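Proteins come first, then strands; the chains are lettered A, B, ... in the order of their sequence lines, and each starts at number 1. Being a predicted model, the structure only gives us computed values, none of them experimental.
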Amino acid sequence: MSIEVKSFDTLRQASEVLGGSAQYIAGGTLLMRKVNYGDQSFNQLVQSTDPALKQIQSQGDEILIGAGVTMSEIMQHPQLQFLGEVARSVGGPAIRNMATIGGNLFAPRPYGDMATALLALDANLHWASGQQQSLEQFLERSDAARDIVHSISVRQPPTGAFQYLKVSRVKPKGVSLLTVAVLLNRENGRTGNVRIAFGGMAPEPRRAMAAEQALQGASLDESGIQRCLAACTEGMAPADDSLASSWYRNEVAPVYLKRLLLQRS
Amino acid sequence: MSRVEFRKDLFADERSDDLNEVGKPTIRQDIIGHVRGTTRFYDDHLFDGLLHMRCVRSPHHHARIRNINVSGAESMPGVRRIVMPSDVPNNLNTLLSLIGFGRDDEPLLSSAKVAYKGEPVCAVIADTERQARDAVAAIKVDWEVLPHVLDVEQAIQPDAPVVNETYPNNLFDYGRFDHQKLRFGDVHSAMQRADKIVEGQYQMSPIEQAPMETCGAIAAPETNERIVCHTATQALFFSLGTTAKLLDVPSSRLHFIGGTVGGGFGGKVDSITEPMAVLGALLTGKPVKFHWDREEEMQVGAPRGAERWVIRDGVMNDGSIIAREFTGYFDCGAYTRLSSYAIQKGVGHLPGPYTIPNVAANVYCVYTNRTPATAMRGFGITGVDFAIESHMDKVAEAVGMNPIELRIHNAYRDGDMKAHRRVAKNTALIECCQVAAQKSNWQLGPQYASASSLRDGGSTERAAIPETAVDMVGKIGERRSSSIAASPAQGTERVPAGQASELLSPLPLQHADMQIEPSRVGHTVKATAPLANAAGAPPPAATAHRETTQPPATQVSTPVSQQSPVSPPESLPASSTGSYQQPPRDQPAASPPEAPAVKPYEPQERFNKGMNRPGAARHLINRRRR
Ligand SMILES: Cc1cc2nc3c(=O)[nH]c(=O)nc-3n(C[C@H](O)[C@H](O)[C@H](O)COP(=O)(O)OP(=O)(O)OC[C@H]3O[C@@H](n4cnc5c(N)ncnc54)[C@H](O)[C@@H]3O)c2cc1C
C-alpha cells in the first residue's frame, strides 16, 4: 500500500473527502509516526493550503486563531502572550515548529497540553462546515462526526487571571504526567468566576467542576482553598501508565493545584 | 575538562602513577565523528536494491501456533520472500553455547509456540519497508492462547504453566540444583544468637537500555560466496559465531563489520538481527536490512531483567551483622540469553562488600512469559547491590546507628575471606564511605573516621573459611512435585572449617603463555615480591562455571589451602598476600575526615521503606533518600 497525498485550496473541499481511508494532516507530528510505522487504517493524507489556517485575528476581546497555527508561531505572537507559556511546554523546538494548535485538540493523552489550557479558557471551535461548538462539548463527545477544525476562538483573559502548570518527569520537555490550567477572576479579594481544567487526569482534558464550585467566593489562602482541593479529583479517571500510577496522579493533583492557586496571591 | 576528582592520595603507595591512560581524563576515540556527524553507523552503508525484512510477532504472552496463512502476503506488491522457521537451518540456540554454558533453548523464528509478547514467528522480505510492513499485517496466524505466568514466584509453583520446554521446571539448572547455592558458615544457628533479625524484600523492574540507534544489521552477498554484514552489535565475534551456528555456515563465509555502536549498554549483545539479515541475504541473494523500530526495541529488545531479593540479617546490638541470608529471583523472561550467567556473577558478589561470617543464598533463574532479559551495565551486580544497600539502611535504623558508620563497621578489609572463598583485596569501601561522608558533611565518630581498609583485616578469624552447614534441598525437578520453601534450608551436613568445595581445583593451563605475569597486572610489584616467585602457582579463575555448593564433608579430602587458587602460597607471610605493601599498623589513614561526632546518630523519623496503599506498587519507595 502506498500513501497518496491530496492537497486542496480550501478546507471545505478537504473536509469533503475525509473519512474511510483518508486522514487530514496538519503538522504531522503524530500522524507521520503512524505513516512511518505502517498504520493500516488509512492510505490517503489530505492537506489544505487554505490561508485561513494560518490567521490570527482580534475581534473585540476575542482572538481567532487558525487551526494550522504552530506552537512556535503562538510563542512569537504579541497578542497570544497568555498562551506563550503553554505553547513553550509542548515538545522540543523541532516539534513546536510543526505541531499545530488544531492537531493538539485531537492528541491522545499524555498529550493535549494546549487543549487543556484552551478548555480552562472556554475556547470555541469553528468547523470547516461552518458549524460552531464549544471545546468542552467537543471533548465530551468522542463520537463527534469527523470534520476539520477551521479555527479556534478564545477570549483574552484579564492580566494574571490565567495560570498554567505542566508536571513532567523529564525536564525541560518531557510529556505531561498531568497538566493544570486555571482561569480565575477576582472580585473584592474573593474568587469570582472559576474554571479549572486537568490534562492527563482522564482520557481527554477535563474540567474539575466540583473544585470550581468549592472555590467560588472562597478566599485564596491555605484554608480557603481546602474544600476546592479536596474535591478536585472528583470525576477524574487518571490512567495507570509507565509515567505514574493512577493512585499517584490522584495524590499529587491537589498538591499541584494548590501550588498554582497560591502562587498567584 | 573533567569534573572527576581523583583521590590518588588514598592508596598512593599501592601503584606508581606512570600510566598514560589509566587514571587520566581522555577523549573518547570516536566522539569527534559523532559530534560532527561524520560517523558511519551500520545503517549509513548504502546498497543498491536494498531489501527490507520485518517480522510477524506474537500479540500474546503465551500461545500455540495452529497455523500461519501467508497466501495473501506472498502476492503483495514488492514482496520477495516469506521467511519461515523451516528456512533456518539450525533453528535452536542459546547465546552462551559459544562458551558451553546452558542448553539450546531459543529458536530464531518460532514454529510451535510463542512464550512472550513480540516473539517472531516468520518474516517478510520486500522492496520497501512499507511493503514489508503491509505484508506483515496481511499474514494471518491462528493462535491457541495458553495460560501465562508473569511473576517469578508464581512461575516456580508446581502448577505453573511451562514457559520453556528446554527447562520444564521454569528454572535454569545449576549442577544438581534448580538454583545457585551459596553456603558459608551456618546462617541458621547464627540467627539464633543474633539480637535482632532484620528482613526486607526488594524488587527491581526490567530496564531497557534504550540506545539511540536501535538494533539492526545489513547483510549483502560478496564475492566468493561470502556475506558481508554491517551491524550495530557490541559483540562482533559473538554475533558472528551465533550467525554461523544458527545458519549452519562456516564462519569463514561471514565477513562481519562492526565497531560503531550507537549506544549499547548491554542491549546489543544478543545477536538476533545479524542472523536474520544474513539469512535474508542468503535466501534472496540481495542486500537485506533487518532493523528494529523503536517499538520493537522497547518490546522485544532484551532489557536488564527484573530481580526480586529477600534479605534476612542477624544483627547484634553493636551493629555487627553476624548472618545474612538471600533468596533471589532473576526474571529471565522466556529464554535464557544471559541471566543464567548474571546470577553467577551476582552470587560471587554476595554478601556485598561486607565481612559477614555466615552467609547463605538461594538464587533462582526463573522463566516467565516476559521478554527475555539480558546484560546491562554492572552485569549481575546492580540489582542485588541496590537491595543490599537499601537493606544496610534498614539495619542501621533497626539498631539505631549512623548508616555510614554501620557500613564502615561491617566493611570488608584487605585479607578478609569472602563468602565465595576468595581473599578480598583492594577493598577500599571504608575510604569510599569516609570520602562520601566528608563530601556530604556527614559526621563520623573518631574510630570510623580513622578506620582503614588496609588495617585490621585478614585476622585469623576474618581470613578463615568457617565450618559450613550444607543442605541438599532443591534438586532439579523437585519443586514440580512438591512445595519447597525457596529460602536456604537448614544445613543437614557440615563441611569442616578451612575447606572449600571439591570443585575449587583450578583447570590446568592450556598453554604456558597464558600464565599471568604479576609484573603486567598494572600494580607496582617489588622486584623481590614473593608473588613473582609464585609463578608456578595455579592461575586464578577458571572456576566461574562451577557450582559453589558444598558437598558432604566426606567427599572433601584436600584442605583448601593446598587447592584453592586464591589462597597464598604457603611460603608467604600472611601480610603480603596483596600486591601492595601494607603500611605499618600505627600509620594514620591517609586523609581522615575531620571533626569527630560527639552525639551518637539518631534517626529523626522511623525508617519506612515500601508502602501499602491501594493502587501503588508495593516496592515503590515513598520518599527520597537523603
Ligand atoms: C516528540 C514529541 C513530543 C511531543 N510533546 C508534546 C507535549 O509536550 N505536549 C502536547 O500536548 N503534545 C505533544 N506532542 C504531540 C503533538 O506534537 C501535539 O499534540 C501537536 O499539537 C499535534 O498537532 P499536529 O499538527 O502535529 O497534528 P497531526 O499529527 O497533523 O494530526 C494529529 C491528528 O489530529 C487530526 N487533526 C489535526 N488537525 C486537525 C484539524 N484542524 N481538524 C481536525 N482534525 C485535525 C489529524 O487528522 C490527526 O488524526 C508531542 C509529539 C511528539 C512526536
Side-chain angles (χ1 to χ4, degrees), chain A residues 1-5 21-23 25 28-45 91-92 94-95 108 110-111 167 169-171 173-175 177-178 200-202 232-255, chain B residues 43 52-57 59 72-73 75-79 118 123-140 203 205-208 210 212 214 291-300 303 306 371 610-624:
Chain A
M1 207 168 13
S2 51
I3 294 280
E4 192 185 354
V5 182
S21 60
Q23 282 256 351
I25 179 163
T29 57
L30 291 170
L31 209 53
M32 278 314 292
R33 192 185 155 280
K34 292 191 182 175
V35 173
N36 291 338
Y37 276 61
D39 191 309
Q40 300 289 307
S41 67
F42 61 92
N43 60 8
Q44 277 180 36
L45 292 178
I95 292 292
Y111 300 140
V167 182
R169 291 238 160 126
V170 180
K171 305 278 182 319
K173 53 181 186 194
V175 292
L177 191 130
L178 64 86
M201 291 295 289
C232 79
T233 56
E234 226 170 81
M236 298 293 158
D240 268 318
D241 59 24
S242 48
L243 293 175
S245 64
S246 82
W247 171 85
Y248 179 80
R249 286 187 166 96
N250 274 325
E251 287 295 301
V252 300
V255 177
Chain B
D43 199 18
H52 299 261
M53 185 182 211
R54 293 200 55 83
C55 281
V56 175
R57 299 185 178 279
S75 54
M76 283 174 68
V79 173
V124 173
I125 301 174
D127 289 347
T128 70
E129 191 189 323
R130 176 76 197 203
Q131 287 166 335
R133 286 180 185 272
D134 291 345
V136 162
I139 290 177
K140 300 278 167 273
Q203 173 77 46
S205 297
I207 302 171
E208 163 62 31
M212 273 210 252
T214 56
H291 181 130
W292 285 346
D293 63 28
R294 182 58 58 185
E295 268 175 22
E296 286 173 307
E297 183 70 43
M298 297 305 287
Q299 180 69 49
V300 305
T371 304
M611 58 180 158
N612 226 340
R613 294 200 190 104
R618 269 270 295 135
H619 312 290
L620 294 176
I621 296 168
N622 64 351
R623 66 180 162 95
R624 278 183 183 276

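At a 4.5 Å heavy-atom cutoff, B:Arg54 makes no contact with chain A through either its backbone or its side chain. With a 4.5 angstrom heavy-atom cutoff, B:Glu129 touches chain A only via side-chain atoms. Interface remark: A:Asn36 contributes backbone atoms only to the contact with chain B (heavy atom separation under 4.5 Å).
Expressed to the nearest 0.5 Å, how far CD of B:Glu295 lies from CZ of A:Arg33 amounts to 5.0 Å.
Across A:Gln40 and B:Asp134, no two heavy atoms sit closer than the pair NE2-OD1, 2.6 Å. Heavy-atom minimum distance, A:Val35 versus B:Arg130: O-NH1, 3.1 Å.
A donor-acceptor distance shorter than 3.5 angstrom exists from the side chain of A:Tyr37 to the backbone of B:Arg294, with no hydrogens or angles considered. No side-chain donor-acceptor contact under 3.5 Å links B:Arg133 to the backbone of A:Asp39.
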